[in-house]
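In what follows, a structure is listed as structure tokens, so that the remarks can point back to it.
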There are 2 protein chains.
Amino acid sequence: MAAQASGYIVQPVSKALRVLVHVAEKGHGVPLAEIAADVRLPKTTVFRYLQTLVAAEFLHHDMESDHYSVGHRFRALARADTSLQRLRNLALPEMAELRRAFNETINLGIMVDGHIVYIDMMESSHALRMQTRIGDRDPVHSTSLGKAMLAFLPEAECAALVRRSLRARTARTVIDQPTLLRQLAKTRRLGYAIEIGENEDGAMCIGAPILDGTGRPLAALSLSAPEKRLTRTVAATAAAALCDAARRISVRFGAPAG
Amino acid sequence: MAAQASGYIVQPVSKALRVLVHVAEKGHGVPLAEIAADVRLPKTTVFRYLQTLVAAEFLHHDMESDHYSVGHRFRALARADTSLQRLRNLALPEMAELRRAFNETINLGIMVDGHIVYIDMMESSHALRMQTRIGDRDPVHSTSLGKAMLAFLPEAECAALVRRSLRARTARTVIDQPTLLRQLAKTRRLGYAIEIGENEDGAMCIGAPILDGTGRPLAALSLSAPEKRLTRTVAATAAAALCDAARRISVRFGAPAG
DNA sequence: CTGTCGTATTCCGCGTCGCGAAACAAGCAT
DNA sequence: ATGCTTGTTTCGCGACGCGGAATACGACAG
């Protein structure tokens, strides 16, 4: 194992990972003895690592046969990661096309524990342009991305998020719950969300949700621009284009094509 | 953390996994400080875990921004696991149908470091039947599963595996390399492999490869039965059925339908 | 250029806790 | 029964992981 190099290697961790890799690489359940032999570590040690990995649900222990195999925590993480990978790949060309068509900043974001985080972005070439950095977070209720996802979340989850205290980012941020719910209903009807100066003074934003096969929003696309530049008619065509793009991505995730 | 219960939890491992989970759950790169704060562990400790996780390539460290994100080792494991999951799901109904049609033992196997390992199996109801256990391994060159996969492997890899010293399992095991290569050429032509008493005396086996979108074999299906019971004509129809089943699974993995 | 953050690293001495041989238990063959 | 094989538990030694504090680096402001 190439576990040296940096002097800051924590042996237990390093060795436990070797065990994890070994179990994951075989497709089937493996017994303790075999693992210990293959990884060249004392049975006792491997035993402890396995217990720990099982407790963390990275591995699964089948009591019947005393075999170890990959656990659901590991699978869940993997799935989350690959779906993100996939999302980026599918979204990037659509975003490029949107940027080309409108020359405004296009964002791709997901929701993580009640916040919007930007996972990709293409900037407009205007000197005056909206800027967010990948990895940044914004509140759900003050962004078009957030509203677009909120609107298509299952009733209960949406309600829970709206019920939290809503912080005002600007003078125009809507912090009144009934008002927000009304906007969400409208978003559901139109298929896209709008936000004007609610997150950043002078900026506005249009967002459309990307849904998976079950109808759950897993991300959203948005176009953001200075309020002045987005005339009513441009905004309308942009909204349509965003919805089209978002829908094309959605179908690749199993959403109904209609 | 539900890391108690069993008294055999290794703290460094347990805590490092928490760090891993945390990084993987956010879709984007995370800086050390944020991780440390979120996981409620001292910066120094988290730092060491990160170093270790990066060394094992479970995480990736972007030197530019000093951000940590999931690494390719993790991705590779995840991919391997999910494709196996998928394989089982797709193969099971096909296997059930084959078992029903011929009432012989049907095996599903993959190749792992130069051996065939059985990852699923459905038994015939005959008293005299072939039996392997899930997780068992057999040589590549003495099984129809192995030959089926070998034949469709890229030239170089196939050659490397054939070049190894071939151990004889029975009197009829082919250990002569030219002979084996000739059989593989035939397998490529027919689309399936045959083995008669080469792995187990009195047993014979027909195997067909499951290919992915790139044409690489990722598994194989086989039917195994006592040599006596498989007449020439039954063998022929079984081979055709196996190939059909294998092909149906292959297309689900992106292989050309033709 | 100089100070002041806010990061990521490095140092280092303390004492925890992970280690692994060996003893134990539980199956499953012969 | 008796030998195997497996997983589990015990226990005392001392390596090594720990984390506070000190340092280095870099970004930004004045």
Tell me: [atom1] of [X] to [atom2] of [N], nearest whole Å?
| X | N | atom1 | atom2 | result |
| --- | --- | --- | --- | --- |
| B/Ile9 | D/dG17 | CD1 | C1' | 18 Å |
| B/Leu53 | D/dG17 | CG | P | 14 Å |
| B/Tyr8 | D/dG7 | OH | C1' | 11 Å |
| B/Gln11 | D/dC16 | CD | P | 18 Å |
| B/Asp66 | C/dA8 | CG | P | 6 Å |
| A/Glu64 | D/dG7 | CD | C1' | 15 Å |
| B/Leu32 | D/dA24 | CG | C1' | 15 Å |
| B/Gln51 | D/dC18 | CD | P | 14 Å |

Closest nucleotide among C/dT10, C/dG18, C/dT9 to the B/Tyr68 side chain:
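Minimum distance to the B/Tyr68 side chain belongs to C/dT9.
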By nearest atom, which of the nucleotides C/dA21, D/dT8, C/dT9 is closest to the A/Pro42 side chain?
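The listed nucleotide nearest to A/Pro42's side chain is C/dA21.
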May I ask you to evaluate whether A/Lys15 reaches the phosphate of C/dC19, defined as a side-chain N or O under 4.0 Å from OP1 or OP2?
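Answer is yes, contact under 4.0 Å.
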Qualifying residue for side chain to side chain contact (heavy atoms under 4.5 Å, CB included) with B/Glu104, from B/His126, B/Glu123, B/Arg99
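For B/Glu104, the side chain to side chain contact (heavy atoms under 4.5 Å, CB included) check succeeds only for B/His126.
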With a 4.5 Å heavy-atom cut-off, do [X] and [Y] have their side chains touching?
| X | Y | result |
| --- | --- | --- |
| B/His60 | B/Val70 | no |
| B/Asp38 | B/Val30 | no |
| B/Ile110 | B/Tyr118 | no |

Considering residues, nucleotides and ligands other than A/Ile175, do more than 12 of their heavy atoms fall under 6.0 Å from its CD1?
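Check fails, neighbour count at 12 or below.
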The helix from C/dC1-D/dG30 to C/dT30-D/dA1: angle between end helix axes, five pairs per end, rounded to 10 degrees
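If I round to tens, the end axes sit 40° apart.
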Which residue lies more 5' along DNA chain D, comparing A/Ala33 with A/Val10 via nearest heavy atoms
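Counting from the 5' end, the first nearest nucleotide belongs to A/Ala33.
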Side chain to side chain contact (heavy atoms under 4.5 Å, CB included) between A/Val19 and A/Leu50, intermediate numbers included
CA-CA 8 Å; A/Val19 171; A/Leu50 288 172; 3.7 Å; yes
So among A/Arg169, A/Lys147, A/Arg172, which one has a salt bridge (Lys or Arg N to Asp or Glu O under 4.0 Å) with A/Glu198?
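The salt bridge (Lys or Arg N to Asp or Glu O under 4.0 Å) with A/Glu198 is passed solely by A/Lys147 among A/Arg169, A/Lys147, A/Arg172.
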Would you find a donor on one side and an acceptor on the other, under 3.5 Å apart, between the side chain of A/Arg229 and the backbone of A/Pro226?
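No, A/Arg229 side chain to A/Pro226 backbone: no donor-acceptor pair under 3.5 Å.
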Heavy atoms under 4.0 Å, any strand shown: does B/His67 hit a base, just sugar-phosphate, or nothing?
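Nothing, no nucleic acid heavy atom in range.
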Any residue of residues 43-50 of chain A with a heavy atom less than 4.0 Å from an atom of DNA chain C:
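Within residues 43-50 of chain A, the residues near DNA chain C are A/Thr44, A/Thr45, A/Arg48, A/Tyr49.
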Could you go step by step and tell me if A/Tyr8 and B/Tyr49 meet the ring pair (Phe, Tyr, Trp, His ring centres under 6.0 Å) rule?
CA-CA 8 Å; A/Tyr8 291 95; B/Tyr49 293 159; over 10 Å; no
